[in-house]
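These notes are about the structure you will find just below.
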Amino acid sequence: MFKKTVVTAMAVAVAFGATACGSSDSGSGGSGGGGEDGSITMGFSQVGAESGWRTANTQSIQDSAEEAGIELQFSDAQGEQENQISAIRSFIQQRVDVIAFSPVVETGWDSVLLEAQRAGIPVILTDRSVDSEDDSLYETFLGSDFVEEGKKAGEWAVENWGSQPTYVAELQGTTGAAPALDRQEGFADAIEGTDNIQVVASQSGDFTRAGGREVMEAMLNSNPQINAVYAHNDDMALGAIEAIEAAGKVPGKDIQIISVDAVRDGMQALADGKINFIVECNPLLGGQLMDLAEKVVAGEDVPKRVVTEETTFTQEQAIEALPNRQY
Amino acid sequence: MPETPTEPRTRRRLDMSSPVVWAASALLVLLVFNAVVNPGFFALRIQDGHLFGSPVDVLKNVAPTLLIAVGMTLVIATRGIDLSVGAVLAISGAVSFTIIDGSSDPTSPATAAVAIGTALAVGLVLGAWNGFLVSVVGIQPIIATLVLMTAGRGLAMLVTDGQIITAENPAFDWLGGGFVLGLPAQVVLTLLVLLVVAALTRRTALGTLIEAVGTNPEAARLAGVRSRSITWTVYVFVAFTAAVAGLMTNANVSAADANRAGLFIELDAILAVVIGGTSLAGGRYSLTGTVLGALILQTLTTTTLTMGVPDEYVRLFKAVVIIAVFLLQAPRIRAALGRRRRSARTSTSPAVPVPAVEGDDVRPLTPASSAEPADATAAEPTTTDQGALR
């Protein structure tokens with residue numbers, strides 16, 4: 001009862017958001033589900049609205065659904081797996097045509113995915129994957145390659161920090177979440193063998209600004225030699241910047257920062273010289289998601305893994321790209 | 001009443017096991033642990049004329065929770081509870097940032113004043129709503145405030161359009177990152193509120209009246225205490241503290257995050273109050289205990305962060321503390337402990353008056369509180385009404 005109220009409240013709130021500003025084009029979408037008998041209904045369970053990235057992602061999915069003529073049942077899990085499982089169950093009961101969701105954590109999905117499979121409803125994973133033995137439980141996984149993102153961050157670190165002793169503070173995402181695990185792994189792989197770069201502290205800032213700030217404060221006190229930060233998302237990097245400035249140091253100079261995501265506030269900080277390098281994690285996957293949904297519902301074969309297109313930004317590139325950013 | 005008038009007095013003298021003493025020793029243990037494990041923990045340095053170091057971080061980060069916990073203490077003392085403070089915090093942050101972001105002059109102090117004023121006013125209105133539901137309509141506090149707890153975040157999301165709103169306003173940011181005499185502004189503000197509340201409730205009869213309402217509302221009303229307005233006032237006050245905390249936490253990161261700001265802070269605040277020895281059954285309360293409780297929780301978090309212990313252990317430890325506290329409050333365990341203590345002391349009192357033991361021990365005995373008539377009625381309502389609260 002209580003949870004339902006929350007979900008409804010969130011849905012209302014997000015719906016308002018969608019009507020307030022709806023100008024993102026988000027690519028293809030195109031053909032618009034005209035061929036089938038009646039329109040497609042998609043149940044989508046979002047992780048939450050924990051960061052600017054996530055809200056851009058939500059926006060893209062809602063806009064693209066409208067463009068493609070797909071009816072979207074949107075539910076916000078507020079970062080809780082429990083909420084997400086109950087949302088997926090309710091989608092199954094409503095007999096939607098296709099279910100898409102971004103898993104809050106990697107594990108514990110087998111039973112609910114099996115329920116969807118038994119009901120004959122195809123499932124598409126977006127943005128984050130699940131850790132399951134049986135990959136027939138979902139049709140396809142559309143999203144970024146987080147390990148690759150971590151690698152890109154690590155490679156830049158090796159190139160730019162490798163020549164002098166660098167003590168890195170790593171701000172991890174939510175414990176157990178795929179992007180946190182993979183970005184950590186990719187980074188660690190890339191810096192392996194470079195003796196000058198050492199990760200001296202690594203803690204979860206929960207992907208939020210407040211988390212990034214509090215963790216950074218504690219790290220600066222316990223490891224005064226820290227001169228670099230690797231943040232798993234922009235929001236934590238922005239929180240860390242506040243902590244670094246409060247401690248009387250200059251972010252981007254005394255303490256260099258690498259971050260992942262490239263949301264507007266992060267790009268602004270990059271352009272202002274407070275962040276040194278950002279690996280993009282593109283949230284605008286709505287168009288690709290709707291294309292895949294139409295194919296899956298029509299019974300066409302789709303690849304098991306579809307990677308979103310992504311790039312990286314230096315400070316100069318950020319200044320150039322900033323005026324055209326949608327999010 | 002199974003107890004003789006002399007009994008409370010004998011126990012008061014032996015009150016080394018009062019929850020406040022227990023909380024203080026727990027905090028002490030934590031600090032000593034830190035001194036051993038993190039040698040740099042107590043290192044303070046001056047940076048740009050401000051104090052820096054882990055102790056300052058603890059004080060700064062505890063400020064929002066402590067502020068709310070102070071308000072929550074009074075609510076709990078009236079036998080109530082407020083679950084909506086996290087939502088009120090989020091709304092306060094959302095309202096203030098939306099105003100600053102949408103203003104024609106986002107960096108002026110006047111804009112900050114309007115934003116702060118509006119956010120606090122909204123907080124007061126929300127508190128009045130809670131107070132109305134509890135004191136006038138007579139809905140059970142846990143249900144009445146659950147309404148706003150669930151709907152509140154939705155409201156905050158409506159205000160921000162579901163986005164994280166960022167805005168820079170120097171005057172407003174002072175609330176989160178400013179300094180007074182080398183100390184973070186958040187700490188000073190919280191201390192100020194704490195002192196005002198302590199003075200108002202402990203130097204006047206207000207504290208005793210609040211305790212009387214919590215101990216036995218009906219008896220208090222018959223004795224001429226205006227229970228309804230007192231109850232109403234404490235809900236307005238706790239919402240006010242939540243609104244101020246909302247300004248602080250959001251100014252701290254220069255962004256309003258309607259979805260995550262102050263998430264579960266109501267539980268931390270309640271936990272701080274309970275660790276401090278104020279019984280959820282109402283009546284006697286201890287502000288000192290609440291301060292200690294909040295400090296324990298934050299020191300715990302900062303300690304684990306400084307040591308590099310993963311986040312999930314912080315939660316585990318909090319869970320262990322909650323369970324320990326609740327076990328200590330459980331009538332049977334207290335009775336068993338009381339029995340053992342008594343037999344060890346070569347029994348001065350007769351048999352075992354179980355209700356008397358818990359009725360008295362559950363409450364912290366603060367020196368400032370007078371021996372009010374509430375004491376005589378204390379034991380009985382505590383035991384009978386605990387069931388109603390759960």
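Computed from a predicted model, the values in this text were never measured in an experiment. Letters A, B, ... mirror the listed sequences (proteins, then strands); counts begin at 1. What you see below is based on every heavy atom in this structure, not just the backbone, and it leaves out hydrogens, waters and symmetry mates.
Each of A:Gly212, A:Gly248, A:Gly79 has some count of heavy-atom pairs under 4.5 Å with chain B, and the biggest count is that of A:Gly248. Top candidate by heavy-atom pairs under 4.5 Å with chain A, chosen from B:Asn252, B:Thr249, B:Thr166, B:Asp48, is B:Asn252.
In this structure the side chain of B:Gln298 reaches within 4.5 angstrom of the side chain of A:Glu214, judged on heavy atoms. Proximity of B:Asn38 to A:Asn221: side-chain heavy atoms (C-beta onward) are nowhere separated by under 4.5 Å.
Judged by distance alone, the side chain of A:Arg209 and the main-chain N or O of B:Ala255 form no donor-acceptor pair under 3.5 Å.
In this structure, chain B has heavy atoms under 4.5 Å from both the backbone and the side chain of A:Ala246. Residue contact with chain B, scored on non-hydrogen atoms closer than 4.5 Å, involves the side chain of A:Glu242 exclusively.
In this structure, CD on A:Gln203 lies 8.5 Å from OG1 on B:Thr306, to the nearest 0.5 angstrom. Note: B:Arg260 CZ to A:Asp235 CG = 10.0 Å, rounded to the nearest 0.5 Å.
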Walk me through it: do A:Asp76 and B:Asn259 pass the test side-chain contact (heavy atoms from CB on, under 4.5 Å)?
CA-CA 10 Å; A:Asp76 184 320; B:Asn259 213 7; 4.0 Å; yes
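Taking non-hydrogen atoms and a 4.5 Å limit, the residue list of residues 49-61 of chain B in contact with chain A, ordered by number, reads B:Phe52, B:Gly53, B:Ser54, B:Asp57, B:Lys60, B:Asn61.
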